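Just so we're clear, the structure is a prediction, and the values are computed from it rather than from any experiment. Starting from 1, each residue takes its place in the sequence as its number.
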Amino acid sequence: NLSYMSQLNTLAGRTYNDLSQYPVFPWVLADYTSQELDLNNPASFRDLSRPVGVVNPKNIPEVKAKFDSFEDPSGTIAKFHYGTHYSNSAGVLHYLVRVEPFTSLHVELQSGRFDVADRQFHSIPQTWKLLMDNPNDVKELIPEFFYFPEFLKNLNKLDLKELYTHLRGEKVVNHFGKPIPDQDLNLDPLNIASLIYYESSALDHAATKMGHFSHILMEDPLKNHKVNFP
């Protein structure tokens, strides 16, 4: 599925050379809190038939109401479900802030400094939770989540400020029942390996559902992908 998704991105005109058309991979997992991740449990996976903004059914009324109530007096802006896109330059830099050249590009975007700590990417479970709680944030993932674990570590010792005193911007938190000791400022390689293993394994397990996601990926970014509401 990694190869399939990579080829699909190429066919969609996406490339690593353009942050505004960076390759897109889907959130596949939906369980970031269990002590043991059961890949045989359907509840462990995100519903790939829906855009991430309405994976949580509670968000459907708000998204639908935004579409139904929007009217542009000039008639130039069509109705839309989401005011943001599932992939953009800022989103890519948000994920890759710990790795050059994306670090420098992030600083340039933020007028010569790092963004404030509480807006930086510091926790995979928290990012997923915010997506589920907020239909206005519809970021999908980037390919690095499935093969490049180093982007989760602050190997360049960047001054990312302090969100939590024991983290100091050193690593991105992931929870698969393996707590990270407070005194360890480098993410345990086993934790990183488990993250990449589970993400990649989940991608393989979701093979039969990838067709649902492909229509989102191939959609013209300037148009609104349709949402079928129950």
Point to revise | Set of side chain to side chain donor-acceptor pair (under 3.5 Å) partners for Asp72, sequence neighbours left out | key: Ser74, Thr76
Check your understanding: Could you state the interatomic distance from CZ (Arg98) to CD (Glu150), rounded to the nearest 0.5 Å?
Key -> 13.5 Å
**Study point:** Contacts of Thr15 that satisfy side-chain contact (heavy atoms from CB on, under 4.5 Å) - sequence neighbours left out
**Key:** Asn17, Asp18
Check your understanding: Can you list the residues that meet the side chain to side chain donor-acceptor pair (under 3.5 Å) rule with Ser69, with sequence neighbours excluded?
Key -> none
Point to revise | Aromatic ring proximity Phe80/Phe67, centre distance under 6.0 Å | key: no
Practice item. With sequence neighbours excluded, tell me which residues meet side chain to side chain donor-acceptor pair (under 3.5 Å) with Tyr95. Key: none
Review point. Mind checking what makes side-chain contact (heavy atoms from CB on, under 4.5 Å) contact with Asp133, not counting sequence neighbours?
Key: Lys129
Practice item. Identify, with sequence neighbours excluded, every residue that meets side-chain contact (heavy atoms from CB on, under 4.5 Å) alongside Ser111. Key: none
Check your understanding: Do Tyr22 and Asn9 have side-chain heavy atoms sitting under 4.5 Å apart?
Key -> no
Review point. Residues in side-chain contact (heavy atoms from CB on, under 4.5 Å) with Ser104, at least two apart?
Key: Glu100
Study note, to complete from the structure: Those residues at least two apart in sequence (or on a different chain) that pass salt bridge (Lys or Arg N to Asp or Glu O under 4.0 Å) with Asp38 are none
Study note, to complete from the structure: Those residues at least two apart in sequence (or on a different chain) that pass ring pair (Phe, Tyr, Trp, His ring centres under 6.0 Å) with Phe102 are none
Practice item. For this output row, return yes or no: ring centroids of Phe25 and Phe145 closer than 6.0 angstrom. Key: no
